[in-house]
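Start at 1 and go down the list; that is how both ligands and their atoms are numbered. Everything quoted here is computed from the prediction, not taken from an experiment.
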Amino acid sequence: MHGDIEKILIAEEVIGKRLDVIARKIHKDFFDENSLQVVAILKGALVFMADLLRRVPLELEIECLNVASYHGGIESSGQVDFLDRKLPDVSGRCVLLIDDILDTGRTLAAVSEKLREMGAREVKTCVLLTKDKERAAAVEVDYSAFEIADEFVVGYGLDFDGKYRNLPYVGVLNPSVISS
Ligand code: XMP
């Protein structure tokens, strides 16, 4: 698995230190909030969310949303489908929406809008990675751990064809893996 990685972009220790900083900010910003609902987008946000929230000593609840915006491969489909039969009840809640990466922005834009439609009082967004590129959908990110170049990355929750999510770092795949 590690042999498929061309280069490590963000090492495990670097991620850990940055998460300490983001977690402190979230703790401070939501300190007075007594109805914090975290919503994580499956499956990419799982690893990031687990490591981040264990650093945030606040009372909160966690829900996960299954959306499809990437259908294998490395290209975004442009459409965001909500796959859960029942969506979490966020009515009147302050929501911290967590995703792995801000790429085209379509996923976060569509999910934030949906949560607002469902009556969320406030929606704040948090991503591990922000790609340096023009967005197809306008979206504001409140917490972003790292900015990266516009290249396809895997690890720390991010996959290629369902694999590499359990790598403890963010890395770039060997091009031969993508083309094979
Ligand atoms: P956007 O912002 O385009 O992001 O709606 C949709 C989803 O696409 C996935 N994504 C990636 N997954 N490496 C990945 O493994 C990448 O470089 C990458 N860029 C986007 C990700 O699941 C995101 O939530």
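- Here Glu151 pairs with Lys7 in a salt bridge; the nearest charged N to carboxylate O distance falls below 4.0 Å.
- The shell of residues lying under 4.0 angstrom from ligand 1, judged by heavy atoms, excludes Phe160.
- Put simply, the side chain of Arg54 never gets that close to the backbone of Met49: no donor and acceptor are under 3.5 Å apart.
- Per-residue contacts place Arg106 under 4.0 angstrom from the following atoms of ligand 1 (heavy atoms of the residue considered): 2 (O), 5 (O).
- Checking Thr107, Leu42, Val67, Ile41 against atom 5 (O) of ligand 1, the nearest heavy atom belongs to Thr107.
- The number of heavy atoms from other shown groups lying within 6.0 Å of CD (Glu117) is above 12.
- Taking distance alone, with nitrogen or oxygen atoms compared against 3.5 Å, Gly105 approaches ligand 1 more closely than that limit.
- Every atom of ligand 1 is numbered from 1 in the order shown, and the set under 4.0 Å from a heavy atom of Thr104 is 1 (P), 2 (O), 3 (O), 5 (O).
- Between Glu122 and Arg93, no side-chain nitrogen of the basic residue sits less than 4.0 Å from a carboxylate oxygen of the acidic one, so the salt-bridge criterion is not met.
- Atoms of ligand 1 lying under 4.0 Å from at least one heavy atom of Asp99, given by number and element, are 24 (O).
- Tyr156 and Asn166 share no side-chain donor-acceptor pair at under 3.5 Å.
- Ion pairing of Lys25 with Asp29 is present here, as a side-chain N (NZ or NE/NH1/NH2) and a carboxylate O approach within less than 4.0 Å.
- A salt bridge does not link Asp159 to Lys43: none of the charged side-chain nitrogens sits closer than 4.0 Å to a carboxylate oxygen.
- The distance from ligand 1 to the heavy atoms of Glu151 drops below 4.0 Å at these ligand atoms: 17 (O).
- Heavy-atom distances between Arg135 and ligand 1 stay at or above 4.0 Å for every pair.
- Counting heavy atoms under 4.0 Å from ligand 1, residue Asp100 touches it through the side chain alone.
- Nearest to atom 19 (N) of ligand 1 by heavy atom, out of Leu108, Val154, Asp103, is Asp103.
- Of all the heavy atoms of Lys131, the ones lying under 4.0 Å from any atom of ligand 1 belong exclusively to the side chain.
- A donor-acceptor pair under 3.5 Å is absent between the side-chain atoms of Ser112 and the main chain of Val139, judged by distance alone.
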